[in-house]
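Comments concern the structure below.
Reckoned from all heavy atoms, side chains included, excluding hydrogens, waters and symmetry mates.
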Amino acid sequence: MKNKSSDRKPRLNKKQRAWVNSFVSSHPNARVRNIYDSLDGDRVVEIEWWENTNPVILDEHTHIRGRISYQIRVKLRKFGDVRKTAEFSYRITPPEKQTVSYRLTGQLCLELPQFYRVMEPTNPVIVKPKQKAKTAKKVKKFVQQTLPLSGITAQLNAINLQEGGVALSEQELLLETISHPDLNTVQEVKLPAAIIKILKEKKASLKESETAISLYQVAGPTCVLEYLQQLDSWRKYLSTYQ
């Protein structure tokens, strides 16, 4: 005769159930997939959930959106606390352009490839080891400036060297500014001279230059450098779908 007790699924005690309920309620579309006993007497709980990525609105009926599916496997003590950092996995469904029948609301975004990227998720359940209190010695703070070794900053440095300059960090290359007309506001705006040089080097169109100026005014030089880094890929993307 089969032992019924062996078929009985492990159950969570009150404190373990409270931890699981709190986690599930704070994550979209979450559900408990499985519960079982570990060899050391803990309860192991598998939880999965999913969420859509933030949409990039292109027009009234077109947006770009992906999906991320998550799963954790976490060990809980009988007192309801986590034994160790959870085993974490995820799957990203690449963002796709979608057309909907209803009207989308929200701010339109520039159709740039870097806006479609989905950031890799991090483990939501991490147990940090307890550290002994130590008397920290005061260390003199200094600013570490990075030399442009690759990408668009390397190109900036190459242009600088061709003009008789010396190797400089990215921060130093962006210090010099010059006035440049902003056609949207019909006013002069100060841009880093290095960015103007890159726009000329890449033979940027009027629209591309206006985009660079707008990005600089809204998000600063870092966002503009990322835009210039992706400009060639963006041109290739447009030529493919036009």
Side-chain angles (χ1 to χ4, degrees), residues 1-131 219 222-223 226 230 233-234 237 241:
M1 184 175 179
K2 195 173 181 180
N3 188 355
K4 293 184 178 180
S5 61
S6 61
D7 296 336
R8 193 177 302 160
K9 292 184 178 180
R11 300 179 65 180
L12 301 176
N13 63 31
K14 185 176 180 180
K15 292 183 178 180
Q16 292 167 338
R17 190 164 56 251
W19 186 95
V20 171
N21 290 342
S22 176
F23 185 91
V24 168
S25 63
S26 61
H27 291 77
N29 309 300
R31 70 183 183 94
V32 176
R33 182 178 181 183
N34 200 4
I35 301 172
Y36 52 91
D37 290 321
S38 65
L39 296 176
D40 53 11
D42 291 336
R43 290 287 187 272
V44 178
V45 184
E46 291 182 353
I47 304 174
E48 60 184 14
W49 70 101
W50 62 269
E51 63 181 342
N52 290 322
T53 60
N54 292 329
V56 177
I57 300 176
L58 302 181
D59 56 48
E60 291 184 346
H61 298 285
T62 309
H63 66 180
I64 294 174
R65 169 174 280 183
R67 175 178 288 192
I68 311 177
S69 301
Y70 311 89
Q71 183 175 323
I72 63 166
R73 187 169 176 268
V74 61
K75 293 182 69 175
L76 298 177
R77 303 174 191 259
K78 65 179 180 179
F79 299 108
D81 57 324
V82 178
R83 171 75 67 176
K84 60 181 181 180
T85 297
E87 296 178 16
F88 175 64
S89 62
Y90 62 90
R91 181 172 58 86
I92 297 176
T93 302
E96 295 181 349
K97 186 180 291 188
Q98 302 173 0
T99 301
V100 295
S101 58
Y102 53 88
R103 182 171 181 176
L104 297 169
T105 59
Q107 182 168 348
L108 297 178
C109 293
L110 294 171
E111 192 173 350
L112 301 176
Q114 60 263 32
F115 289 164
Y116 305 161
R117 295 177 184 169
V118 179
M119 299 296 294
E120 291 192 359
T122 56
N123 194 334
V125 183
I126 297 178
V127 177
K128 296 181 179 179
K130 295 181 180 179
Q131 297 180 350
T222 301
C223 187
E226 178 67 21
Q230 300 293 332
S233 299
W234 176 232
Y237 174 85
Y241 286 94

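Side-chain contact between V56 and R65 is absent, with no heavy-atom pair separated by less than 4.5 Å. E51 places a side-chain heavy atom less than 4.5 Å from the side chain of Y70. Residues H61 and R103 form a side-chain contact, since some pair of their non-hydrogen atoms from C-beta on lies under 4.5 Å apart.
Distance check: T99 OG1 to D59 CG gives 7.5 Å after rounding to the nearest 0.5 Å. To the nearest 0.5 Å, atom CZ of residue R77 and atom NZ of residue K15 are 13.0 Å apart. Interatomic distance, I72 CD1 to E48 CD, rounded to the nearest 0.5 Å: 11.0 Å. Remark: I64 CD1 to L58 CG distance equals 4.5 Å, nearest 0.5 Å.
The aromatic rings of F23 and W49 sit perpendicular, their planes meeting at an angle over 60°, well past the 30° parallel limit.
T53 approaches G66 most closely through the heavy-atom pair OG1-N, 2.7 Å. Between L76 and V45, the closest heavy-atom pair is CD1-CG2, 4.0 Å. Taking every heavy atom of both residues into account, V20 and L12 meet most closely at CG2-CD1, 3.7 Å. Considering every non-hydrogen atom in both I92 and P121, the closest pair reads CD1-CD, 4.4 Å. Taking both residues in full, the closest heavy atoms of D42 and K75 are given as OD2-CE, 3.7 Å, listed atom of the first, atom of the second, then distance.
Not counting sequence neighbours, the partners of R73 by the salt bridge (charged side-chain N to carboxylate O under 4.0 Å, His left out) test are E46, E87. Every residue was checked against the side chain to side chain donor-acceptor pair (under 3.5 Å) condition with N21, not counting sequence neighbours, and none meets it. With sequence neighbours excluded, no residue forms a side chain to side chain donor-acceptor pair (under 3.5 Å) with Q16.
Here the side chain of S22 pairs no donor or acceptor atom with the backbone of W19 at under 3.5 angstrom.
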